[in-house]
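Notes follow the structure.
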Amino acid sequence: MKLCVALDLPTFEDNIALAKELKAYDIWLKVGFRSYIRDGKKILEELKAINPKFDIFLDLKLYDIPNTMADAAEEISKLGVSMFNVHASSGTVAMQTVMERLKDIKNAPIVLAVTALTSFDDDNFKAIYHEDINKKALQFAKDAYVTGINGVVCSAHESRMIKENTDNAFLTLTPGIRPFGEDAGDQKRVADITMAKKELVDFIVVGRPIYKSKNPKEIVQRILSNLSL
Ligand code: C5P
């Protein structure tokens with residue numbers, strides 16, 4: 001299992017300072033809306049300059065018509081990131097079109113599909129999709145799997161069920177991780193490391209428990225030691 005640290009701090013300088021602090025660790029870094037919208041390619045280049053071995057997950061959750069998504073995917077593949085994501089609810093044609101566009105690109109990034117956002121509880125989810133969250137998340141995952149997408153973003157609660165219904169090698173990445181039971185904030189379907197391990201999660205995403213802590217390095221160290229137990 002890999003640790004992916006969410007760089008969700010308010011400024012470019014804060015994110016860079018955190019990456020510098022963590023530069024010795026074998027971790028992935030997640031660049032999301034806030035920093036990519038503000039800082040663009042500069043943040044990616046700067047992170048690679050800090051440690052060329054950092055793998056970057058560009059969390060832009062594409063959702064648009066198939067051709068526009070494929071165009072965006074092709075541009076993302078030129079940025080040197082290791083992974084990006086799309087929404088599974090954009091549909092199988094869109095996901096297929098993205099994968100088709102990337103198939104001849106050398107070293108194309110891993111593509112994940114978002115099933116249900118971890119900030120949804122059952123009622124929030126039903127209000128939009130009129131279905132039970134677990135059932136629909138599994139359906140989204142199965143849809144993504146048949147399109148050739150490499151894995152899904154899901155809650156740790158669904159990881160094992162998704163693998164059992166697709167393939168063990170179908171990747172799961174789970175936000176909403178509170179490694180040692182920290183405050184959930186706006187996340188509803190949270191899990192700790194023990195649960196993530198039991199659920200065979202491939203990547204845990206951790207944001208606030210790391211960057212809001214007084215000693216991010218210590219937390220990262222503790223998480224990594226725990227992952228290797
Ligand atoms: O601070 P916290 O650990 O809750 O951060 C979780 C990160 O994962 C945030 O950057 C959030 O945007 C992202 N994310 C999520 N739920 C998803 C997909 C991404 O929380 N389904």
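By convention here, the first residue in the shown sequence is residue 1. Just follow the structure's listing: the first ligand is 1, and inside any ligand the first atom is 1. Treat the numbers as computed from the prediction; the structure is a model and nothing was measured.
Rounding to the nearest 0.5 Å places NZ of K78 at 9.0 Å from NZ of K41. Rounded to the nearest 0.5 Å, atoms CD (E45) and CD1 (I50) are 12.5 Å apart. The structure places CE of M195 at 14.5 Å from CZ of R178, a figure rounded to the nearest 0.5 Å.
For R222 and F180, the positive end sits near the middle of the six-membered ring, less than 6.0 Å away and at most 45° from its axis.
Here V114 sits in one hydrophobic cluster together with W28, F57, M83, I110, L112, L117, F120, F125, I128, Y129, I133, F140, V153, L171, L173, F203, V205; the rule is ILVMFWY side chains under 4.5 Å apart, joined directly or through other members.
A donor-acceptor contact under 3.5 angstrom links the side chains of D14 and T11, judged on distance only. Side chains of R34 and N15: no donor on one and acceptor on the other come within 3.5 Å.
Annotation: atom 18 (C) of ligand 1 to nearest protein heavy atom, K61 CE, 3.3 Å. Given atom 9 (C) of ligand 1, the protein heavy atom at minimum distance is D8 OD2, 3.2 Å. Regarding atom 15 (C) of ligand 1, its nearest protein heavy-atom neighbour is P175 CB, 3.4 Å. Annotation: atom 16 (N) of ligand 1 to nearest protein heavy atom, T118 OG1, 2.9 Å.
Of all the heavy atoms of D59, the ones lying under 4.0 Å from any atom of ligand 1 belong exclusively to the side chain. The proximity of L117 to ligand 1, defined as any non-hydrogen pair under 4.0 Å, involves the side chain as well as the backbone. Under 4.0 Å from ligand 1, the heavy atoms of R178 that appear belong solely to its side chain.
Ligand 1 has no atom lying under 4.0 Å from any heavy atom of K212.
Residue R208 approaches ligand 1 through these ligand atoms, each under 4.0 Å from one of its heavy atoms: 1 (O), 2 (P), 3 (O), 4 (O).
For ligand 1, one of its N or O atoms has an N or O atom of G207 under 3.5 Å away. Looking at ligand 1, you'll find an N or O of Q187 within less than 3.5 Å of one of its N or O atoms. By the 3.5 Å distance cut-off applied to N or O atoms, K30 is counted among the residues near ligand 1.
Scored by the salt bridge (charged side-chain N to carboxylate O under 4.0 Å, His left out) test, D192 finds no partners at all (sequence neighbours excluded).
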